[in-house]
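Have a look at the structure below before the remarks.
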Amino acid sequence: MRHLTFDLSDSTDGTITLEAMASTRESAGHAAVMAEVDVVLAWANTEFGDRKGPVEDGHVWDHELLIQHEADGWITVTLTFSATPEFADAFLAAFAS
């Protein structure tokens, strides 16, 4: 990953949050950020696709993708996963450098 750097945090209920944010100009870098988002989501769907849904309902992972168009041509992309430790461990094994 060149643009997305994930921060990991956990809560007292065992849910882990993995969140990345990238801000780029539309003409320089946004397509690369979205390509990285696509790679991560494709991995999650391949590895855990049948177990996607709200973690508090017993699923392994869920995500939220926000794309905000800011002033002066900036675009901010935020990708957030809510996950179990199983998903987070597999995610880190796949993407941690």
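By convention here, the first residue in the shown sequence is residue 1.
The side-chain heavy atoms of Leu92 and Leu8, taken from C-beta on, include a pair separated by under 4.5 Å. The shortest side-chain heavy-atom distance between Phe48 and Thr84 does not fall under the 4.5 Å cut-off. Under the 4.5 Å side-chain criterion, counting only non-hydrogen atoms from C-beta, Met21 is not in contact with Thr80. Side-chain contact between Val37 and Leu65 is present, with heavy atoms from C-beta onward closer than 4.5 Å.
Ring pair Phe91/Phe95 is tilted by interplanar angle, where 30° to 60° counts as tilted.
Ion pairing between a basic and an acidic side chain is recognised when a charged N comes within 4.0 Å of a carboxylate O; Glu86 and Arg51 show such pairing.
Between the OG atom of Ser11 and the CD1 atom of Ile16 there is a distance of 8.5 Å, given to the nearest 0.5 Å. Here the NE2-CG distance, from His63 to Leu79, works out to 6.5 Å after rounding to the nearest 0.5 Å. Note that CD of Glu56 and OG of Ser82 are 7.5 Å apart. Values are rounded to the nearest 0.5 Å.
Across all non-hydrogen atoms, the minimal contact from Ala88 to Ala83 is N-CB, 4.5 Å. Scanning all heavy atoms of the two residues, the minimum distance from His59 to Gly53 falls at CB-O, 3.2 Å. Taking each heavy atom of Glu36 and Leu4 in turn, the nearest pair found is OE1-N, 2.8 Å. Across all their heavy atoms, Pro85 and Gly14 have their closest contact at CD-O, 3.6 Å. Ser23 and Trp74 make their closest contact through O-CZ3, 3.6 Å (heavy atoms, listed as atom of the first residue, atom of the second, distance).
Distance alone, capped at 3.5 Å, is enough to place a donor-acceptor pair between the Arg25 side chain and the Asp72 backbone.
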Does the pair Val55 and Val60 meet the rule for a side-chain contact (heavy atoms from CB on, under 4.5 Å), with working shown?
CA-CA 6 Å; Val55 175; Val60 174; over 6 Å; no
Evaluate side chain to side chain donor-acceptor pair (under 3.5 Å) for Thr76 paired with Gln68, printing each intermediate quantity in order.
CA-CA 5 Å; Thr76 300; Gln68 299 173 296; 5.2 Å; no
Decide side-chain contact (heavy atoms from CB on, under 4.5 Å) for Ile75 and Ile67; before the verdict, give the C-alpha distance in whole Å, the side-chain angles of both, and the deciding distance to 0.1 Å.
CA-CA 7 Å; Ile75 300 175; Ile67 301 171; 3.7 Å; yes
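Centroid-to-centroid, the aromatic rings of Phe87 and Trp43 come within less than 6.0 Å.
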